[in-house]
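Here is the structure we will look at.
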Amino acid sequence: MSTLAGSKILVTGASGRIGSVTTRRLRAAGAWVTALSINDDPSLEADRVLVGDTRSQDDVAEALEGADAVVHLAALAHRDIAPPFDVYSTNVVSTFNVLAQAGALGIRHAVVAGSINACGLPQNVHEVRPAYVPYDAHLPVDIADWYSLSKHQDESTARMAWRHWGIDVVTLRFPHVNSEEALRAQSLQLAEDPRPGLLEGWSYLTTEDAARSVELALTARTTGAHAFFLAADRTLAPYRTEDMLDAFAPEVLRTRRFVGREVPIDLTPARELIGFQAEHEIELPTLDLPTGL
Ligand SMILES: NC(=O)c1ccc[n+]([C@@H]2O[C@H](COP(=O)([O-])OP(=O)(O)OC[C@H]3O[C@@H](n4cnc5c(N)ncnc54)[C@H](O)[C@@H]3O)[C@@H](O)[C@H]2O)c1
């Protein structure tokens with residue numbers, strides 16, 4: 001039986017792409033789930049469904065009643081989804097509100113949806129390159145947009161909440177997360193032109209694996225505030241990683257070599273801290289990078 005059986009978990013952003021699959025998964029593990037969403041979603045199945053705003057102190061207080069743990073996924077999930085002020089303020093106020101209230105209530109565990117964008121590279125408006133690959137926890141940040149800034153700030157909020165209230169927080173730095181069908185379509189685009197995937201290291205995760213990582217982060221009982229990258233082991237492009245780096249980022253330092261289509265992201269903390277390894281990979285052949293791409 002899962003250690004989550006009988007525990008009461010608040011999931012914010014429960015009607016979203018990752019939230020709906022996560023809510024289903026946590027309930028299947030035996031948790032009693034409160035779902036907080038800003039929109040009424042009749043298809044959402046949870047033990048308690050609340051419509052509310054994660055920026056509202058009252059809505060979050062009501063949602064946290066009786067909770068043992070919180071999974072905070074609510075956010076405006078892209079730079080261009082709303083005006084800059086709305087994206088930044090919604091994300092940072094929501095994360096502060098959820099973690100501060102959970103911490104003050106004595107709730108011990110939180111899992112927060114972070115992003116690969118916390119490093120600032122994928123949604124940057126300049127021709128940026130990472131200082132080195134594989135991406136790891138020490139990669140210098142280069143932020144030029146408000147969504148990335150909000151995700152970077154959320155990690156500081158998580159550290160503050162742990163330091164102040166002692167709430168353990170795992171921030172999962174998700175890469176692009178989508179259904180297998182959507183990811184397969186994206187892999188065809190990357191086969192045509194891999195360049196747009198460079199700053200994300202051609203990384204991805206299925207929604208099922210993202211939801212699994214949330215469950216593992218809840219059960220791992222990691223202490224402190226941790227933020228780390230997650231991704232499938234191999235890239236979403238059908239070419240060798242070394243060949244793509246030679247072609248599109250020859251000047252970027254490689255602190256080690258990559259085998260086949262190995263993703264250029266350090267996945268060690270995800271394995272060591274929560275025991276995560278992706279189970280749902282998009283099957284792709286390993287092809288020679290066409291000349292002239
Ligand atoms: N999907 C990805 O590729 C990806 C990648 C990296 C990080 N993330 C992060 O994962 C989390 C979930 O992403 P997703 O892909 O499921 O996005 P999504 O847009 O499908 O879901 C986000 C949910 O948050 C809700 N929400 C937004 N503002 C709210 C508010 N003020 N109050 C209450 N609810 C609010 C939305 O209504 C939506 O249901 C987000 O924090 C996102 O930044 C997603």
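As the structure lists them, so they are numbered: ligands from 1, and atoms in each ligand from 1.
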Asn97 versus Gln101, side-chain donor and acceptor atoms under 3.5 Å: yes

Return a table of donor-acceptor pairs under 3.5 angstrom between the side chains of residues 247-255 and protein atoms on other chains or two or more places apart.
{"from": "Arg254", "atom 1": "NH1", "to": "Glu242", "atom 2": "OE1", "distance (Å)": "2.5"}
{"from": "Arg254", "atom 1": "NH1", "to": "Asp246", "atom 2": "OD1", "distance (Å)": "3.0"}
{"from": "Arg254", "atom 1": "NH2", "to": "Asp246", "atom 2": "OD1", "distance (Å)": "2.8"}
{"from": "Thr255", "atom 1": "OG1", "to": "Val133", "atom 2": "O", "distance (Å)": "3.3"}

Any side-chain heavy-atom pair of Arg240 and Thr286 under 4.5 Å: yes

Residues that Asp40 engages under salt bridge (Lys or Arg N to Asp or Glu O under 4.0 Å), provided they are two or more places apart: none

Sequence neighbours excluded, every pair satisfying side chain to side chain donor-acceptor pair (under 3.5 Å) that has a member inside residues 161-170: none

Every residue of the protein that comes under 4.0 Å of ligand 1, judged on heavy atoms: Gly13, Ser15, Gly16, Arg17, Ile18, Ile38, Gly52, Asp53, Thr54, Arg55, Leu73, Ala74, Ala75, Ala77, Thr90, Ala113, Gly114, Ser115, Tyr147, Lys151, Phe174, Pro175, His176, Val177

Under-4.0 Å salt bridge between Glu262 and Arg256: yes

